[in-house]
Amino acid sequence: MELLKFEKGRKGVVGMKLLEERIRRDGIIEAGEVLKVDSFLNHQMDVQLYREMGREWRRLFDGAEITKILTIEASGIGIACVAALEFGVPVIFAKKSKTKNIAGEVYSTTVTSFTHGNVSTVIVSKKFLHPGDRVLLIDDFLANGAAMLGLIDIVRQSGAELVGCGIAIEKAFQPGGARLREMGIRVESLARVSKLEDGLIEFID
Ligand code: G4P
């Protein structure tokens, strides 16, 4: 595996441009406007790239006084953990639960995957999110926004404050990003893909 060679000292746009360059180099466009990035992002994991992404979110959310990072299993976990090292806060991952009737000790919501066509119940223990927490949501992809809307619902139930969303790859031609921004939510996507067809990939700067 060729690891990312990051440039020391360069800040700011680095996190974004590095991810875009890596997608151009190693991303594979599949049928149905699916971008395969499993060689570096969500199967084999280039954690040095993750570190640059974490640093970029840290820079973007500087001063936001984040106390917790919240993600959803599975692919968000690794990215969120490396980002959390930059913020110095714990990571919570929402668990996809097989049990439908859950009550009491957990916040629970449902997430409908438009890609896979299934509905999952996701849960977070009430022990780990409270009023007074300031929460950053992190995930690898933002497509239709179902996962983010589920996490937002969990933050709302907990009484914590939602600071924003840190997304690795936003598929800007799908409605998730617009939906969240219309709700007044701050969304910081490190790569925004505007087009994904005929072997061509275009980004929004
Ligand atoms: P949404 O959360 O934005 O609504 O996503 P959507 O339902 O459309 O997609 C369902 C799953 O597919 C999500 O993962 C999402 O991250 C992933 N996904 C969406 N578009 C792409 C794509 O172009 N490429 C890849 N590689 N993944 C995509 P998930 O079901 O939560 O699974 P997990 O991988 O996190 O476990």
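Counting convention: from 1, in listed order, for ligands and their atoms alike.
- Remark: the backbone N or O of S39 is paired with a side-chain donor or acceptor of Q44 at under 3.5 angstrom.
- Against a heavy-atom cut-off of under 4.0 Å, D140 is close to the following atoms of ligand 1: 16 (O).
- Atom 11 (C) of ligand 1 has as its closest protein heavy atom H116 NE2, 3.7 Å.
- Of the heavy atoms in K171, only side-chain atoms (C-beta onward) come closer than 4.0 Å to ligand 1.
- Considering only non-hydrogen protein atoms, atom 7 (O) of ligand 1 sits nearest to F114 N, 3.1 Å.
- With S125 contributing its side chain and K127 its backbone, the two residues share a donor-acceptor pair below 3.5 Å.
- The heavy atom nearest to atom 1 (P) of ligand 1, out of those in G150, G145, G177, A74, is found in G145.
- Using a 4.5 Å heavy-atom threshold, the side chains of I23 and I169 count as touching.
- Scanning L142, L35, T112, I28 for the heavy atom closest to atom 24 (N) of ligand 1 points to L35.
- For atom 8 (O) of ligand 1, the nearest protein heavy atom (residue, atom name, distance) is N144 ND2, 2.8 Å.
- Looking only at heavy atoms of the protein, atom 2 (O) of ligand 1 is closest to A147 N, 3.0 Å.
- Using a cut-off of 4.0 Å between Lys/Arg side-chain N and Asp/Glu carboxylate O, R134 and E161 are scored as salt-bridged.
- Looking only at heavy atoms of the protein, atom 4 (O) of ligand 1 is closest to A146 N, 2.7 Å.
- E20 has no carboxylate O lying under 4.0 Å from a charged side-chain N of R22, or vice versa, which leaves the two without a salt bridge.
- Here is the list of ligand 1 atoms found below 4.0 Å of a heavy atom in S113: 7 (O), 10 (C).
- For ligand 1, the polar-atom distance check finds no N/O of V37 at less than 3.5 Å from any of the ligand's N/O atoms.
- The shortest side-chain heavy-atom distance between T71 and I79 does not fall under the 4.5 Å cut-off.
- Taking every heavy atom of N42 and a limit of under 4.0 angstrom, the matching atoms of ligand 1 come to 26 (N).
- Counting only heavy atoms, the protein never gets under 4.0 Å from atom 14 (O) of ligand 1.
- Under 4.0 angstrom from ligand 1, there are no non-hydrogen atoms of D139.
- Using a cut-off of 4.0 Å between Lys/Arg side-chain N and Asp/Glu carboxylate O, E86 and R55 are scored as salt-bridged.
- The nearest protein heavy atom to atom 17 (C) of ligand 1 is not closer than 4.0 Å.
- Between R59 and E56 there is a salt bridge, with a side-chain nitrogen of the basic residue lying less than 4.0 Å from a carboxylate oxygen of the acidic one.
- F40 does not carry R25 over the face of its six-membered ring by the limits of under 6.0 Å from the centre and within 45° of the normal.
- Taking every heavy atom of V34 and a limit of under 4.0 angstrom, the matching atoms of ligand 1 come to 22 (C), 23 (O), 24 (N).
- The shortest N/O to N/O separation between A143 and ligand 1 falls below 3.5 Å.
- A heavy-atom distance below 4.5 Å is not found between the side chains of I72 and F93.
- Taking atom 9 (O) of ligand 1 as the reference point, the nearest protein heavy-atom neighbour is T115 OG1, 2.8 Å.
- Looking only at side-chain heavy atoms (C-beta outward), M148 and L137 come within less than 4.5 Å of each other.
- Counting heavy atoms from C-beta on, the side chains of V37 and D26 never come closer than 4.5 Å.
- Protein heavy atom at the shortest distance from atom 29 (P) of ligand 1 is K96 NZ, 3.7 Å.
- The closest protein non-hydrogen atom to atom 35 (O) of ligand 1 is S75 OG, 3.0 Å.
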